[in-house]
Amino acid sequence: MKAKKTTGESMEVVLWNKTNAAALKSMSKELAAHIQAMSKEGKDRVVEQSAGNTKYFFIVDGTDLSPRTLEKWRGAGNEVQQAANGQKVDSVWVRSEGVDESITYAFAEGMALGNYKFTKYFKDGKSKQPALKQLFIQDTHLPEKKQRELFTLVNATHLSRTLVNEPVSYLTAEKFSDEMVKAGKEAGFTVKVLHKKQIEALKMGGLLGVNKGSIDPPTFTIMEYKPAKAKNKKPLVLVGKGVVFDTGGLSLKPTPGSMDEMKCDMGGAAAVVGAMYAVAANKLPVHVIGLVPATDNRPGMNAIVPQDVLTISDGTTIEVMNTDAEGRLILADALVYAQKYNPDLVIDLATLTGAAIRAVGTYASAVMGTAASDDMQTLQKAGEKVWERTMEFPLWSEYADELKSDVADMKNLGLGNAGHLSAGKFLEHFTKYPWIHIDIAGTAWNGAAQSYRTKGGTGVGVRMLYQFIVDKYCKG
Ligand code: BES
Ligand code: MN
Ligand code: ZN
């Protein structure tokens, strides 16, 4: 790659292992002394400014590779990204001196993930895009293969963010399906879109019920990546809640406030699309299927009302007690559909409940599941590695008792407390295979940027799922 300079400004980063004496020898005496002094004071960086050039030396404790420390290096990468964009620098060079590959990777990752802005709807959107366009890493410091993997993961995360950031004025269920077709073509996975007629033929009463108040038809999208030499005989199935906007339906959400961020309600689906993209583009030897039931949830003329009874595609009847508990209704049909693949494991992601936010805040996603404890642990570790942390909650039968209905097999509403767990029990009813549920209500959307997790859609789930797939299927 060749850099195209447009500003004349340049920026370099050296990640320098403080125990690396050889590296000290190769620099000027003054600089070496300065870095050593700063290091003694406990500072972690030295900035050297000269005409048109900024050089950062980060002083790295090469022995600490814990997840929290790697997250710190992502944050440092994001700071350099912000400085570069502040100075309208279009390329940054990163090299490391005696530093573990994982730190170089994390630093570059934080830079690249932070370098995102959703500017589509500004009149002069292009000019509002970040100035930083290129990141160079000497491949002796991070192998070409890792660099490519990082590049596609960043693209996949950005794709997921953009899908979340798109308002429903553009991203209807059908448009969303078109976007999945586009992503499939780009990354190399197949996509089949079921339209309303086919959804009716499949008797997906949950998805059709939620869609009743809308003038835009629902879709059900099936993505599949099946490499010739897959390590898994039975597929991994990913399911994403695709509510393109959640008004609450007739159990209308109050606004201002709780409705204002509800274009994020397809965040689970966006995570599945991003994960499919990353897996396919990086050609992981894993058979993965992605299912996305999509609709908006609106209070239009024929909208479902409380006490309506819907029939899910497996025949289970549901008394709708609150039309704002719509995610579980469309997920039920998707979880039933997943059964036909005889899956190795099913993971669903959904911006499902406010209760998940109240339980762990915005720092973690709430997880429940019936999968083997090895798999639960692999997911928990994967989440920590990429710093998309998870917290596991129980699926006790008491939470299912809350869902008993006088007139139907279940109702869609539990008691006021621990709503994320009654929601989990509701979903569990439709699973006859090892299953993990990830409630990302607190993590899919940022009201304000958190380091490299930019404002708006965060793309949460993409890197976590990818890491999980690598760790579960691609090791050994
Ligand atoms: N999409 C919401 C959950 C949500 C809330 C996501 C905040 C992101 C941020 C979901 O459809 C919903 O409305 N859940 C209700 C369920 C309740 C009516 C049982 C909730 O959690 O309040
Ligand atoms: Mn809702
Ligand atoms: Zn919702």
Side-chain angles (χ1 to χ4, degrees), residues 164-165 168 171 173 176 206-207 209-214 218 239-271 292-299 303-308 310 318-334 348-366 368 393 399-400 402-403 405 410-427 437-447 456-458 460-461:
V164 169
N165 290 333
V168 70
L171 201 81
F176 191 11
L207 179 55
V210 173
N211 183 251
K212 273 180 79 183
S214 172
V239 176
K241 172 178 172 182
V243 172
V244 288
F245 195 86
D246 184 10
T247 68
L250 279 169
S251 311
L252 195 65
K253 287 181 187 293
T255 178
S258 62
M259 203 191 291
D260 299 0
E261 296 170 344
M262 280 306 133
K263 71 178 181 184
C264 82
D265 215 18
M266 32 59 74
V292 172
T295 178
D296 49 341
N297 181 26
R298 289 206 206 233
I304 48 171
V305 299
Q307 297 187 309
D308 266 352
L310 302 176
I318 308 295
E319 186 187 12
V320 176
M321 291 312 295
N322 187 322
T323 65
D324 198 10
E326 84 296 342
R328 63 197 74 182
L329 298 171
I330 73 169
L331 286 169
D333 281 321
D348 80 75
L349 292 95
T351 47
L352 204 61
T353 65
I357 314 177
R358 289 189 289 279
V360 276
T362 61
Y363 312 113
S365 303
M368 285 141 258
F393 288 89
Y399 301 112
E402 297 181 8
L403 299 167
S405 159
M410 270 201 290
K411 54 182 185 177
N412 75 335
L413 192 63
L415 300 176
N417 289 330
H420 54 316
L421 307 185
S422 47
K425 283 310 271 190
F426 183 96
L427 298 180
H437 163 56
I438 311 179
D439 193 331
I440 57 170
T443 49
W445 180 267
N446 267 341
T458 60
V460 74

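Whatever order the structure lists them in is the order used to number ligands and atoms, beginning at 1. Hydrogens, waters and symmetry mates are skipped; everything else that's a heavy atom, side chains included, is used.
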Notebook entry, point to check: Could you go step by step and tell me if T362 and N446 meet the side-chain hydrogen bond (donor to acceptor under 3.5 Å, both in side chains) rule?
Noted result: CA-CA 8 Å; T362 61; N446 267 341; 5.6 Å; no

Next item on the list: Decide side-chain contact (heavy atoms from CB on, under 4.5 Å) for M368 and L421; before the verdict, give the C-alpha distance in whole Å, the side-chain angles of both, and the deciding distance to 0.1 Å.
Entry: CA-CA 8 Å; M368 285 141 258; L421 307 185; 3.7 Å; yes

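The closest donor-acceptor contact from the side chain of D260 to the backbone of G257 lies under 3.5 Å.
Distance check: D296 CG to D265 CG gives 11.0 Å after rounding to the nearest 0.5 Å. Atoms OG and CG, from S258 and D324 in turn, are 7.5 Å apart once rounded to the nearest 0.5 Å.
Among the backbone and side-chain atoms of E326, an N/O/S atom is found under 2.8 Å from the Zn ion (ligand 3). Inclusion of L352 in the first shell of the Zn ion (ligand 3) is not supported: no N, O or S atom falls under 2.8 Å.
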N/O pairs closer than 3.5 Å, ligand 1 and protein:
from, atom 1, to, atom 2, distance (Å)
ligand 1, 1 (N), K241, NZ, 3.4
ligand 1, 1 (N), D246, OD2, 3.2
ligand 1, 1 (N), D265, OD1, 2.8
ligand 1, 1 (N), D265, OD2, 3.0
ligand 1, 1 (N), T351, O, 3.3
ligand 1, 11 (O), K241, NZ, 3.2
ligand 1, 11 (O), D246, OD2, 2.9
ligand 1, 11 (O), D324, O, 3.1
ligand 1, 11 (O), E326, OE1, 2.8
ligand 1, 11 (O), E326, OE2, 3.0
ligand 1, 13 (O), K253, NZ, 2.9
ligand 1, 13 (O), D324, O, 2.9
ligand 1, 13 (O), D324, OD1, 2.8
ligand 1, 13 (O), D324, OD2, 3.1
ligand 1, 14 (N), L352, O, 3.3
ligand 1, 21 (O), G354, N, 2.7

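Neighbouring protein atoms of the Mn ion (ligand 2) (N, O or S, distance under 2.8 Å, waters ignored): D246 OD2, D324 O, D324 OD1, E326 OE1.
Around the CG atom of N322, the shell of radius 6.0 Å holds more than 12 heavy atoms that belong to other residues, nucleotides or ligands.
As for D246, its N/O/S atom nearest the Zn ion (ligand 3) is the one called OD2. In D265, the N, O or S atom that comes nearest to the Zn ion (ligand 3) is OD2.
Under the 3.5 Å distance criterion, with hydrogens and angles disregarded, a donor-acceptor pair is assigned to the side chains of N211 and T295. Judged by distance alone, the side chains of T323 and N297 never bring a donor and an acceptor atom under 3.5 Å apart.
Using a cutoff of 4.0 Å between basic side-chain nitrogens and carboxylate oxygens, K241 and D348 are not scored as salt-bridged.
Closest heavy-atom contact between L207 and A294: CD1-O, 3.8 Å.
Side-chain atoms of F245 and R298, non-hydrogen and from C-beta on, never get closer than 4.5 Å to each other.
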